[in-house]
Amino acid sequence: MKPYNPHEIEPRWQQEWADIDLYKVTEDASKPKKYVLEMFPYPSGDIHMGHVRNYTIGDVTARYYKMRGFDVLHPMGWDAFGLPAENAAIKHNSHPAKWTYANIDTQKASFKRMGFSYDWDRTVVACDPEYYRWGQWIFLQFWKRGLVERRNSPVNWCPNCQTVLANEQVTEGQCWRCHGAVEKRDLTQWYFKITDYAQELLDDLDQLDGWPERVKQMQANWIGRSEGAEIDFVLCGPDGEAPAEPAEADTITVFTTRPDTLFGCSFFLLAPEYQGLMELVEGTEYEAGVREVVEQAAKVSAVERAQGDREKHGAFTGRYMVNPVNGEKVPVWVADYIVSDYGTGAVMAVPCGDQRDFEFARKYDLPIIPIILGEDDPLYPELNGVQERVVTTVDWDRAYDAEGVLVQSGKYTGMTGGKHSPAVDAIIDDLAAEGKGKKTVQFRLRDWLISRQRYWGNPIPAVHCPTCGLVPVPESDLPVRLPEDIDLAAGETLATHEAFVNTTCPTCGGPAKRETDTMDTFTCSSWYYLRYTDPHNEELPFAPEKANRWMPVDQYIGGIEHAILHLLYSRFYTKVLRDLGMLEFDEPFANLLCQGMVKDEHGETMSKSKGNVIAPEDMIAEYGADAVRAYILFMAPPDKDLLWDEGGLAGIFKFMNRAWRIVNDLVGHAGDESLYQPGASEAEGVEALQKLNRERHRVVGKVIDDFDRNNFNTAIAAVMELTNAASDYLRKCSPEERAACEGSRAIDADVAEVIVKLMAPIAPHWSEELWSAVLGKDGSVHTQPWPTFDPEQAKADEIELAVQVNGKVKAKITVAADAPEDDVKAAGLAAVEAALAGKDVKKVVVVPGRLVNIVAK
Ligand code: ANZ
Ligand code: ZN
């Protein structure tokens, strides 16, 4: 027998597969399709174990579907624009393209070394003009549809990365890439109006049955739909008097989810950035205090300011607003926990019902009027049914934000209040009838800020003309190419690159300047999965019929860190391209698998700084790629964290050697290494053969079931069970006996083939070598049909049951699988006769397939 040597067979088969173009996508419309996609990597160096896990899961899935008879699309590419390339270029005084393409070569070699089944002819590299050209083209279509806007507004600026960031890229006030503190700056920037799709992005989450619940929840929270009302308050003059005939300029509108609490409004709040705030206090004794709050707030990100547990800061403006339900005048304050880009930036403060307002009222000694109570509140007996205000303060330690009964609330007293309560509707209806308010819906989702002030990105195709203004670059002039001659280390940027900046206006032909912002790299990853369906198209980003055939992606695999940004943006692109008539579906990814992390044996994330990184190439050098693949799949369900344990890898390697020997032995190639041990009776041999046949059918069914649910670990465990049955049989039946018996010969060959095929997606080189060299078959195992099974033959004739007396196992019995319950009880009782001596049997319970439980006293 030729021993298993991954180091010899793996490179050999990789070469052979490349030579015969085994993984070329066939585009065979007679077959049903499967599109298997892993999130494309950022080429930041060689691949790590996280990549290996991600791409192994995808590869097994793609190979499995191919053998199941599907036409499979399984492509790979690189998300190649972005800051690290630029930073590396500055550091090493080189060019981002050089660094990027060198890393791509390294990663590609590693992917090949893992035996991944990509059609390399479909590679998409985001920094390749052939690709980014179409990103620019899509940008122009968005622009034509009114989905692109240039606006001046306070934006997130990362001083470290020297660029603006989208809201999605700031977490707790920190930059998603460098984790440095993010500042607010007023800048003119480019936006995609993703908010136009907010409702649909939320609604269509319901279509995504194949997505993890938690990812859908994260998206829903990010979109953040709130139902509520806009209510108009009237501003009193500097003298504190309400205007007799309020003009529109005297109105300030608030957004509230709790109109039912209007009678509890005891002050009014404006965001520090509220337009017109400073005019209110100019030249008054309140100006300095308000300015102080405004200036301090500017130093903290909005996200941080909105955090509930942060200490609140504010100042009185000296002005008052009129509450539309009762005509009461309430003081206007500026408060730093009010943010300018949500609702209207103005809030009716209700400290009895809102915890943040409650804390603010406590700090600045403002009234807390109880207008909503639980029935167990000590104030309830006194205030229940009371319409007028009699109590203006409470000694609560926090706001009451649950459902409750309205008190001191005029005609609404006695109604049930709370979010979505009847009182909310009643008050909004009345205000609407008087023209003082209306129902509205608010989304937390903001428009997507896509411009970046960096070189290594996709240039925004626009020209600034002194005569014509902002002009889109004509489609025929695309791509706007990034200039290659740039000296980043010397501080050169696109904006200082004269040859790039100076151009002529596409409309009037006069001298004009190019836009020098580039697009957020997330624009590249928002549609790459569409380009894979038609990667060489020179007329369009993709032909609609190609995308419509392959899409949606049937199985998408990637990290949970992309649960919001990338997936939301991709969903948005898909919907816009659908509305442009290019796609016929609503959602890009039908099934999503977020793989768990690979951690070290102590459960720590692997990182260079901790020095606990396990390099894939070291493991491949030791055990071969197939063992690494099988190990990664076997050690944990794909969505759970995997704690690296080299002992486990060695164990899998041993299993593969054992299975190698078993396959050889089944087809008579084991020679001296045959597992046969003389001594078993003929009956034992027959029994082992029957069991092997049963296992063969059961395991094929089980593996199909497991693969269909991404349970690769249990699939491998099932194959191990089959090899156990095979080795038991090989031990008991001699090669001569098996060769002489026709039934044996058929089962031997069949089981050998089944083991090789079931392992083919997992250990592709191991299987290919056994298929061709040991089983002597033609063609590649990877183009063979998946084994079928007969559920009848999978059924066990007999089953083993444990017999318990008072909860303790006392015996085991073997009964026919379909034995009637009474027979099973009788057999169980007979088996433990001795243990029952002198006792009274009270109860006998049969748990089918598991045990007989006897209660006796
Ligand atoms: C009065 C009120 C009473 C409120 C009450 C809540 C409870 P969600 O659910 O997240 O949409 N709010 C409105 N605009 C704001 C802004 N720009 N900055 C900070 N807070 C703002 O939150 C809606 C509630 O958040 C609104 O309803 C408003 O406070 C506050 F018992 O109005 B509420
Ligand atoms: Zn012009």
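Order of listing sets the numbers, starting from 1, for every ligand and every atom in it. Counting from 1, the numbers follow the sequence of the chain as shown.
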For ligand 1, which part of [X] has a heavy atom less than 4.0 Å away: the side chain, the backbone, both, or neither?
| X | answer |
| --- | --- |
| V339 | both |
| R444 | side chain |
| E273 | neither |

Among all protein non-hydrogen atoms, which one is nearest to [atom], and what is the separation to 0.1 Å?
| atom | value |
| --- | --- |
| atom 33 (B) of ligand 1 | T256 OG1, 3.5 Å |
| atom 6 (C) of ligand 1 | D354 OD2, 3.3 Å |
| atom 21 (C) of ligand 1 | V347 CG2, 3.4 Å |
| atom 24 (C) of ligand 1 | T257 OG1, 3.9 Å |
| atom 20 (N) of ligand 1 | R356 NH2, 3.5 Å |
| atom 19 (C) of ligand 1 | Y337 O, 3.6 Å |

### Query
For the salt bridge (charged side-chain N to carboxylate O under 4.0 Å, His left out) test, which of D204, D586, D196, D203 pairs with K575?
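Only match with K575 under salt bridge (charged side-chain N to carboxylate O under 4.0 Å, His left out): D204.
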Does either side chain, that of [X] or that of [Y], offer a donor lying less than 3.5 Å from an acceptor on the other one?
| X | Y | result |
| --- | --- | --- |
| R225 | Q199 | yes |
| Q219 | W211 | no |
| Y569 | D520 | no |

### Heavy-atom pair of closest approach, residues C158 and L165
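Between these two residues, the closest heavy atoms are CB-CD1, 3.8 Å.
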